[in-house]
Amino acid sequence: MRNQSKTEDRELSVAEIVALFEAGDLGAELHRYHDRNESKSIEFTQRLVTLHNSDKIDLFEITKQSSFSELKGPQFFRVLRLYCDIIPKLKGLSMRLMECCSLLAKMAGGDGASVNPSFAFLEWCKTNHSEALSVVNEAKAENTLAIQFAGFALQALADRKLALTFLDSTNVDIQRAGIMALSGRITCDQQLAREAIVTITAIIANSRIDDLRARALSAVFDLIAHNACADLVPEAMTAVAREPGPWSVHSVSDLLWQKTNLFNLETLDIALGIVLEVDKKNHMTVEALDMGLAALIRSAFGEKVAEFLALLFGKAELSFSSFENTASEFRIGNSDLLYSLIGRWLTSGNIDLCRNVGILLGEAQIFQQSVATLALSPMRQRLFCGKVIGFLLFKPVTCSSLLVSILRGCDEQLARFTSELLGGFILTNFGNDVKTYLKSIDASCPSIPWVSKALKINEDLIHWINTVAPIRELYPSASQQNTASWHWHESIRTAQEEAEADSWITHFFPRSTVLYGHRLIAPIIEADGLSNLQTVDLQEFTIEFEKPRLELLDPISLYLTIWRFQTERLS
Amino acid sequence: MKLIFRSYLASLKEREELDAILPDLLSELGYTVFSRPGRGTLQFGVDVAAVGQDEDGQRKVFLFSVKQGNITRQSWNDGTLQSVRRSLDDILDAYIPTRIPKRFSNLDIVICLAFGGDIQEAVRTQLSNYPADRTTAFGKRISLDEWNGDKLADLLVKGILREKSVPREFQPNFQKAIALVDEPDAAYRYFRRMLAQVVNERKRFKEILRAARQLYIGLWVIYVWARDAHNVEVAYRASELVLLNIWNLAQKVPATKSGKERNQCLELVQQTVSLHQSIATEFLATKVLPYVKIHYGVSSALGTREAADVNLKLFELLGRIGIAGLWAQWSAKKALDHSNSADSNTLSSREIAEMGFALICHNPALLLPLQDQHAIDIALFLLLAAGEKEYWNQIGAWLREMTLRLEFAVKIHSSYPCVFTDYRDLISHPREQTDKYRARATTGSILIPLLSAFLAAVGDRASLMKLLGLMNVELRGCPDFS
């Protein structure tokens with residue numbers, strides 16, 4: 001390490017760089033001289049560019065040398081960054097540069113940085129139009145390497161007509177290059193844009209290659225968005241709707257998110273029909289769809305999203321757990337829409353939808369609506385009441401709020417039933433927050449007489465329970481209490497371990513040490529493989545939850561009641 | 001030890017409580033008891049009568065009038081039948097002329113005032129001024145003696161717990177049991193050790209009888225101490241143990257012994273049953289009965305945050321209710337056979353059965369046990385309740401709900417009855433939600449056959465079929481007696 005530092009601190013002379021190149025060692029040494037400090041790095045890269053452009057060294061050749069291929073990990077990525085910085089400034093033939101870029105991308109493997117050499121190539125093409133054109137021509141002549149980079153060359157040339165000619169090819173990769181050239185923020189002649197959209201839409205409609213159709217769809221929407229051709233959206237959506245593959249589904253999900261404003265009710269129906277085919281294993285697609293649906297709710301398409309999710313959750317083994325953004329949008333958005341969704345889903349008879357209501361709603365969601373707004377028959381209102389308890393009991397304030405919404409608009413018979421459940425079951429199980437909520441209801445609310453009755457039922461119960469003197473004869477023995485205490489601590493410890501296993505902190509600080517609960521000291525592995533001790537101040541964090549009283553007094557009753565309400569059906 | 005007995009005697013609440021031990025104490029001291037306390041018979045002021053040697057070496061008749069606690073100015077002469085003065089008058093006016101057996105008619109008489117506490121000084125003066133002409137009559141010398149708590153305690157130590165008659169470790173174990181009455185587990189452990197030492201190797205009749213008396217007195221002492229500590233748990237458990245052991249001792253009486261001697265033992269068994277019933281009544285009537293009709297009342301009074309504890313303790317309680325009811329049935333039948341009135345201080349079997357059903361109704365944890373072994377407690381209560389046909393509907397409803405819950409709990413792998421007995425296993429049951437674990441937890445169940453039998457008895461075919469369905473699939477390891 002000491003020798004290394006000495007070498008890094010000293011500037012390499014031009015002669016030394018040339019000597020290293022001639023010895024075939026320059027590639028292996030490059031990583032030492034980049035990113036040391038900004039001014040020295042700029043000076044060094046400038047010196048490399050000058051030497052390359054004056055044919056003293058050949059930076060394209062270096063990438064083929066064995067010493068270069070031996071670069072690994074952080075060393076390689078440092079050199080990759082160096083190359084991406086200097087490629088746009090280098091002189092040379094496009095074929096040689098493409099070879100170099102291709103090699104660099106290959107060495108980068110699956111890393112996201114593997115696309116950087118191609119973008120460096122695009123920048124290079126912008127200052128070397130004649131070379132870019134030769135790449136385009138080589139691609140048309142079906143040179144494999146040229147086809148790979150033709151999209152970038154076309155983008156650099158910004159010649160839409162030329163790009164459009166690529167779409168006429170029967171070679172899919174050439175078509176792909178053309179589509180790529182037409183993607184992005186491209187504003188062009190309206191007629192040309194429309195022509196391009198129609199051509200690409202035809203590819204979408206006729207091709208069976210899923211990733212090509214997905215790229216094409218994305219390009220079409222880019223063109224539509226930047227050239228005011230929204231009337232062409234239906235054709236594009238109809239085209240992709242024919243046997244959409246996973247890439248197409250992903251692309252549509254992405255468009256719902258990124259280009260929400262281009263959809264209307266008609267095209268949205270088609271789009272949602274496509275994304276209904278989403279595979280739960282494709283996490284990126286599910287994530288994009290989640291963002292898309294959240295964006296649709298913000299754009300007043302909440303009703304459509306609710307309908308779509310009702311279908312999706314019924315068939316794809318997905319739930320709101322995978323759609324956190326959508327759920328959040330529902331929670332903070334239009335409360336009437338949310339209430340209507342809850343009403344429909346809970347009375348749908350579909351247990352998956354009911355479970356999703358349980359996941360969707362927050363711990364203390366308060367509703368001001370009345371069950372009358374749901375236009376349910378008395379039988380369905382009764383079913384709604386049971387399902388609210390069956391699926392939302394463990395969010396007692398939310399559950400009570402929905403029961404109160406029933407009390408606001410139901411008939412007397414159901415009000416009595418609901419009030420008794422509220423007082424005899426909910427309040428028996430949960431005290432604090434539910435009582436605070438119920439007592440906070442405005443006196444003018446139509447539910448008040450029934451809420452007061454429920455509170456009275458509970459007050460009486462608690463009053464009588466409090467009159468019972470402890471029966472010391474039946475207390476657990478000291479050894480049983482110790483065992484129970486140990487069991488309790490074990491449960492807490494197991495829960496803590498499980499929480500730690502899911503914690504991102506433990507992924508970042510695998511060998512962390514907590515100092516007296518105040519500070520965390522952890523080794524951070526740097527890019528050069530060396531570890532560095534970092535300290536992080538810890539904040540206090542507590543979670544409180546209220547266990548249902550019946551969990552202690554009679555757990556089977558508790559779960560049996562929940563189960564009965566969950567599985568209850570209309571006769 | 002004397003202090004323990006002194007305190008015990010002072011804490012005796014009822015006059016009958018001292019009556020209960022005095023005859024045994026006298027027998028152990030060498031007296032011949034010829035009259036024991038009776039219920040509903042005229043006793044003319046005498047609770048216990050015996051013949052024995054006085055401190056002056058002369059054989060005399062001892063007439064005991066038993067009083068509760070301290071003798072105060074009020075209890076000396078408050079105009080009631082139980083006042084000391086009235087009792088003395090009754091003894092002199094009625095008992096001595098008519099009730100002393102002829103064979104003892106030539107003996108001098110000592111009237112003993114027996115009480116657990118002390119005599120107030122003011123009363124002592126009145127006692128010493130009791131007319132002299134009243135203490136010499138019928139040609140016999142009649143003297144008054146005072147057997148207060150101190151003397152009785154002394155006699156208990158010398159009589160019942162004579163050094164030679166009890167093992168060396170008896171006293172420390174007994175003292176520890178007394179000291180720990182509020183920690184029933186520990187106290188019971190010491191009491192059990194003490195008991196094992198007392199009953200060990202008793203073969204001769206006198207040894208057997210003495211051991212039985214020692215256990216009986218020991219139980220009384222621990223009961224009174226536990227009652228004062230407002231926690232009779234150890235007394236309840238000790239009473240079960242003592243009853244079983246005294247019964248066992250009674251079986252060891254050699255066949256060569258006369259009926260009278262055998263009866264002495266059986267009488268002691270009967271006394272122990274009564275004491276056990278008193279303890280059970282003290283517990284059930286004061287701690288449980290007032291709260292059985294409060295929803296979740298008893299469930300909430302168990303001082304725990306473990307659902308398993310609530311279930312275990314409630315079923316244990318139901319078992320005790322069942323036993324108490326069965327004893328009450330037995331006592332009532334016995335009283336009827338002997339044309340006696342039933343003991344008004346204990347609960348009737350009907351009251352106890354009603355208590356059990358109210359407990360089940362308001363504490364729904366009793367709708368399914370966590371521990372399979374609690375089938376015994378269920379069976380005890382069923383034995384009590386099934387005796388009355390009017391309870392059959394309630395029995396049917398209880399068992400139907402139990403079957404339904406059993407089916408639910410078994411299917412969702414949650415808190416179904418398990419055969420484990422270790423507390424650690426019980427509080428973490430079910431440890432796994434797998435078929436394999438469930439098979440291990442239910443194999444050899446005694447609850448399932450019991451439930452099947454009673455469901456068949458009450459004619460609940462639907463529940464029976466449900467249970468058989470479970471036994472064919474989820475509970476394949478359970479014995480099938482269908």
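The sequence lines fix the lettering, A, B, ..., with proteins before strands; numbering per chain opens at 1. Bear in mind that the values here come from a model prediction, so they are computed numbers and not experimental data.
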Would you name the heavy atoms of B:Ala409 and A:Ile556 that are closest together and state the gap between them? CB-CD1, 3.6 Å
Atom group of B:Glu183 that falls short of 4.5 Å from chain A, counting heavy atoms: neither
How many angstroms lie between atom NE2 of B:His295 and atom CG of A:Leu553, to the nearest 0.5 angstrom? 9.5 Å
Within this structure, what is the CD-CZ distance for the pair A:Gln481 and B:Arg305, rounded to the nearest 0.5 Å? 10.0 Å
Taking atom CH2 of A:Trp464 and atom NZ of B:Lys293, what is their separation to the nearest 0.5 Å? 12.0 Å
Do any of residues 466-477 of chain A come closer than 4.5 Å to chain B, heavy atom to heavy atom, and if so which ones, in number order? A:Thr467, A:Val468, A:Ala469, A:Pro470, A:Ile471, A:Arg472, A:Glu473, A:Leu474, A:Tyr475, A:Pro476, A:Ser477
Between B:Ser300, B:Pro184, B:Ala186, B:Ala308, which shows the greatest number of heavy-atom pairs under 4.5 Å with chain A? B:Ser300
If you count the non-hydrogen atoms of other residues, nucleotides and ligands that lie under 6.0 Å from CD in A:Gln413, is the total more than 12? no
So which residue, B:Tyr416, B:Tyr296, B:Tyr236, ends up with the most heavy-atom pairs under 4.5 Å with chain A? B:Tyr296
Distance (rounded to the nearest 0.5 Å) between B:Arg405 CZ and A:Leu560 CG: 6.0 Å
Between A:Tyr559 and B:Phe408, is any pair of side-chain heavy atoms under 4.5 Å apart? yes
Measure the spacing between CH2 of A:Trp563 and OG of B:Ser414 and express it to the nearest 0.5 Å. 13.5 Å
